[in-house]
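For the numbers below, each heavy atom of this structure counts, side chains included, while hydrogens, waters and symmetry mates do not. One is the number of the first residue; the rest follow in order along the sequence.
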Amino acid sequence: MNHLKSVKRHFKAALFMMLLMSNIFAQMEIRNVVFMDDQNQHITEGLPTISHITGSALNPENLLADLELLKEEMPQYSHVTVSLDPIESSNEVNLVFSFQRHRMVASLRIIIESHIKEPEKLRHELALHRGDAFEASILSKDIEKIEYIFHRKGYAKVKIESVLREDPDDDYLSHIEIHVTSETKQLKIYDVKIHGNSGLNDSTVREGLKNDTRGFFLASRPVFKVGHVEGDVERIKSKYENAGYLEVEVKGSWEIVDKYLVKVHFSIQENKRYELKEVRLEGLSVYSKDDLAEILNTITGHYSEQNLRITMQKIREFYGERGYPLAQVYMDYNPADAVVTFFINEGPLLSISKVSVEGLNKMKPETVLEDISFKEGDIINTKTLSEDMNKLQARGWFDTVRIDFKPDSEETTEVIISAVEGRSQVISFGVGGNANGGMMGEIGYSNSNILHSGNRFSISGSKNSELTKLGMMFADPHLFGSDWEFISTVSYKDEERNNYDDERIRAQILLERAINKNLKMGLGVRFEYVDIDNLAQELAQEDVDLNGKEHVVTLISKFSYKAQTYDTAGDVKEGISISMALLPGVRDDDVFARMMVNGRASVSLGENQSGAAHILSARIGIGYASKNTPFYDKNYAGGVGTLRGYRNKSLDGENNLGSEVLLSTTLEYAFPIYKNTIKGVTFLEAASVGNNFNQLSDFRAVGGFGLRANLKNTFLGNTLEAGLALPLNEQEGDQTKPFYFIFGDYDPAYDL
């Protein structure tokens, strides 16, 4: 019944529009009737007599009849369309009938001038191909597409023309040629000039422009894209409008100042700046203006719609965090008095009557609820709800997680968590080589939601000329339903170091707990079986306190702090991280201690259109081992995490048995190359080891570059980086290894 009513409503609306248009058409007179084929040639022969002629009135019903007559009497054309061309300042109209001849594309050639570089896969962008039925409208769209592509490649003076040739043996077949010519080669930006600005400085106006010169880190001239000029005009207008210049006028233009260089001009007429002198609130009952003072004190001065929208959102959050999630805020601005008024509908104070989970196929709702901090009877706090949703999303169980409210009374609401389960299994592998001709490879399997229980499991193995590793991990994020995460690992390592072979079997148990969203602590214990073999002869004569095969027990306490944001490539773009591990241990009757600290800070220098950031980051790592620490667990430098470009742990101190102190630093710049998939990386890295901090003077340093691929949306589920690190102060006896390879995220602060 409802569907029938909907159909009737749509029919009545269509009938009303037809009657309205008929009334309008009846007042229009035809000045001229034109018949055009798909080559823009006038058709003068073989035309039947139609009702619409010069001087007749336009009639919708007769127009449809004329179209049907033309299709019937002229079968050589596949279809006929009609368009109206109103004549300005009159009630007259030109009537244009367009005819498409029956044709098939026999061939399609794109002929490009030699000084123009053809874009990759240009033909894949076209809708018309060999063997298709020819349509002039599709060809026109393809020409527009080709022009757009070449404009983005910097050919602002490009000209696209099509030629249609009939096949001499079959008039049903047509051969198409698309000619691409340009007055100039690829154009690049020489300079961007801002004119007429006084309220905003040049750097503010230029920020975020698509057509702009490059800064220090990318000094080459960027390609000029004529299509971005109009978009940049809108970006500048938006900046001014957010600064109170609501009537700003911006014009963009460009000129070729050298053979292939362009100067872009943006002319600005700022006009009046609208002020904001007073903020008023209407509808308050639970809270007062004083309660909202901290939110409101930052928006006076000038009118900014962006700032006011942010303020409205902050007001909603203020109420949502205090039990009023349905609060609504509206705004009105009076330019005459420079007053903005916020109209607030506070809504009811709501508590939680029930928490339910929807959308699960295999996972149990109880597993999801273990990560939820709110419960039945609590007053709604939208901030807490948001933090819990972020925690769930970070688990890797779901593609999407959202939260909804379903009020069931004036004072209570049901909270519904809607989750869509995602892919939890990842298989990873990698194969490569190093400068010494050795091969390296790794393979792994991980499942972030094993048996749909919320538990994690992974198994991995890697092999190169120096190191063999096997490992298995199991983690329960809520041990016995608590806030403690249980992590157990079993691993095997066989490593060929400079002066000995290190083989160990390790079992480890760790309990971790998040103190808040940034701070985490962990406690654990490790049991190791260590077998040192092939000790260098000159070292065997030293007192290395080694009894051959040993059993070592180590206690683990770790702390980490992270306050970071990420770009769309999965890289940390802003924020800091600090981690520390204290590792006291016992071997036989001897007690020793180790400590490792790592800090990293990152800052974003801007983003591309895909949200991948230019990132400048710095890292510092400090390691300490007590004097009686076994030499195989002391501090070494070299390899990924301390010093790329050097063989793993090849810097081993004066006596070649490790050192008590390690210091390593990195300065890195990562920049997007292709969307959010490929990044370039350049870095400087330095490290030193010694028996005390006063000995940390003999630093080794490297400089390097690499490529980083974001493969997190593939079956590999991670990032992959490979590059070249070149020593800057290599010394005799150093064991260098210029090529490096990193799969996934590596935290060099400590290798637990």
More than 12 foreign heavy atoms under 6.0 Å from CZ of Phe343: is that the case here? yes
Working note: Gln76 + His102, criterion side-chain hydrogen bond (donor to acceptor under 3.5 Å, both in side chains); need CA distance, chi angles, decisive distance, verdict.
CA-CA 6 Å; Gln76 67 271 35; His102 282 286; over 6 Å; no
One should read off an interatomic distance between Lys157 NZ and Leu187 CG, to the nearest 0.5 angstrom, of 8.5 Å
Q. Just wondering, do Glu161 and Ile143 contact through their side chains at under 4.5 Å, heavy atoms?
A. no
- Query: Can you check whether Ile416's main-chain N or O pairs, donor with acceptor, with Ser356's side chain at less than 3.5 Å?
  - Reply: no
Notebook entry, point to check: If we ignore angles and hydrogens, is there a donor and acceptor under 3.5 Å between the side chains of Glu607 and His614?
Noted result: no
Can you see whether Tyr445 engages Gln425 through a side-chain donor-acceptor pair at a distance of less than 3.5 angstrom? yes
TODO: Return yes when atom NZ of Lys188 has more than 12 non-hydrogen atoms of other residues, nucleotides or ligands closer than 6.0 Å, and no otherwise.
DONE: no
| field | Lys/Arg-Asp/Glu bridge criterion (N-O < 4.0 Å) met for Lys210, Asp212 | value | no
Q) Are Glu125 and Lys145 ion-paired here, with the side-chain N under 4.0 Å from a carboxylate O? A) yes
Note to self: Are more than 12 heavy atoms, taken from residues, nucleotides or ligands other than Arg109, located less than 6.0 Å from that residue's CZ atom?
What the structure shows: no
CD1 of Ile160 to OH of Tyr148, rounded to nearest 0.5 Å, is 14.5 Å
Margin query: Applying side-chain contact (heavy atoms from CB on, under 4.5 Å) to Met74 and Val80, what does each step give before you reach the verdict?
Written below: CA-CA 9 Å; Met74 305 181 74; Val80 185; over 6 Å; no
**Prompt:** Does the side chain of Asn197 come under 3.5 Å of the side chain of Asp202 through a donor N or O and an acceptor N or O?
**Reply:** yes
Between His52 (side chain) and Asn59 (backbone), is there a donor-acceptor pair under 3.5 Å?
yes
Value for CZ (Phe134) from NE2 (His175), rounded to nearest 0.5 Å, stands at 13.0 Å
Rounded to the nearest 0.5 angstrom, the CD-NZ distance for Glu144 and Lys141 is 8.5 Å
_Under 4.0 Å between a side-chain nitrogen and a carboxylate oxygen: does that hold for Arg235 and Asp232?_
yes
Could you go step by step and tell me if Val205 and Ile268 meet the side-chain contact (heavy atoms from CB on, under 4.5 Å) rule? CA-CA 10 Å; Val205 175; Ile268 302 169; 4.1 Å; yes
In terms of heavy-atom contacts, Tyr245 and Gly199 come closest through OH-CA, 3.2 Å
_Surrounding NZ of Lys71 (heavy atoms of other residues, nucleotides or ligands, distance under 6.0 Å), is the total greater than 12?_
yes
Legend entry - Tyr274 and Tyr303 aromatic centres sub-6.0 Å: no
Margin query: Applying side-chain contact (heavy atoms from CB on, under 4.5 Å) to Val82 and Leu95, what does each step give before you reach the verdict?
Written below: CA-CA 7 Å; Val82 64; Leu95 206 59; 3.9 Å; yes
Would you mind reporting whether Val233 and Lys251 have side-chain heavy atoms less than 4.5 Å apart?
no
**Asked** Where the side chain of Trp254 meets the backbone of Val262, is there a donor-acceptor pair that is under 3.5 Å apart?
**Response** no
*Run the salt-bridge test on Lys237 and Glu249 with the 4.0 Å N-O cut-off and return the result as yes or no.*
no
Could Lys193 and Asp191 be called an ion pair, given the rule that one side-chain N must be under 4.0 Å from one carboxylate O? yes
For Lys153, is there any backbone N or O sitting under 3.5 Å from a side-chain donor or acceptor partner on Gln186? yes
Worksheet item: Looking only at side chains, do Asn710 and Thr677 share a donor and an acceptor under 3.5 Å apart?
Response: no
For Gln393, the side chain to side chain contact (heavy atoms under 4.5 Å, CB included) test, sequence neighbours excluded, returns Val401
Determine whether the side chains of His179 and Glu177 contain a donor N or O and an acceptor N or O closer than 3.5 Å. yes
Q.
Quick one, Val93 and Ile87 - any side-chain contact, counting heavy atoms below 4.5 Å?
A. no
dist Ile178:CD1 -> Arg123:CZ (nearest 0.5 Å) comes out at 8.0 Å
Note to self: Looking only at side-chain N and O atoms, does Glu29 offer a donor or acceptor that is under 3.5 Å from a partner on Ser56?
What the structure shows: no
- Heavy-atom side-chain contact between Lys362 and Glu421 under 4.5 Å: yes
Exercise. Is there a donor-acceptor pair closer than 3.5 Å between any side-chain N or O of Glu247 and the backbone N or O of Lys272?
Worked result: no
Applied to residues 53-86, the ring pair (Phe, Tyr, Trp, His ring centres under 6.0 Å) test, sequence neighbours excluded, yields Tyr77-Phe99
Exercise. Would you call Asp85 and Arg31 a salt bridge, taking side-chain N to carboxylate O under 4.0 Å as the test?
Worked result: no
| said: Counting only heavy atoms from other residues, nucleotides and ligands, does the tally under 6.0 Å from OH of Tyr190 exceed 12? | reply: no
Next item on the list: Hey, can you tell me if Phe35 and Phe97 have their rings parallel, tilted or perpendicular (30° and 60° cut-offs)?
Entry: parallel
| query | Please walk me through it: do Leu108 and Leu126 pass side-chain contact (heavy atoms from CB on, under 4.5 Å)? | reply | CA-CA 11 Å; Leu108 191 152; Leu126 305 185; 4.3 Å; yes
**Request:** Would you confirm whether Thr568, through its side chain, and Gly611, through its main-chain N or O, come within 3.5 Å as a donor-acceptor pair?
**Result:** yes
Short question: side chain of His115, backbone of Ser182 - any donor-acceptor pair under 3.5 Å? yes
- Is the count of non-hydrogen atoms from other residues, nucleotides or ligands lying under 6.0 Å from Glu207 atom CD greater than 12? no
Q) Is there a donor in the side chain of Gln269 and an acceptor in the side chain of Asn271, or the other way round, less than 3.5 Å apart? A) yes
Test item: Asp404 side-chain N/O and Val415 main-chain N/O as donor-acceptor pair under 3.5 Å = no
Can you check whether Asn40's main-chain N or O pairs, donor with acceptor, with Asp37's side chain at less than 3.5 Å? yes
When rounded to the nearest 0.5 Å, the distance separating CZ of Arg309 from OG of Ser304 is 8.0 Å
Quiz item: Is the closest side-chain donor-acceptor distance between Ser267 and His195 under 3.5 Å?
Solution: no
Ser174 versus Arg103, side-chain donor and acceptor atoms under 3.5 Å: yes
Any donor and acceptor pair, going by atom type alone, linking the side chain of Asn242 with main-chain N or O of Lys239 inside 3.5 Å?
no
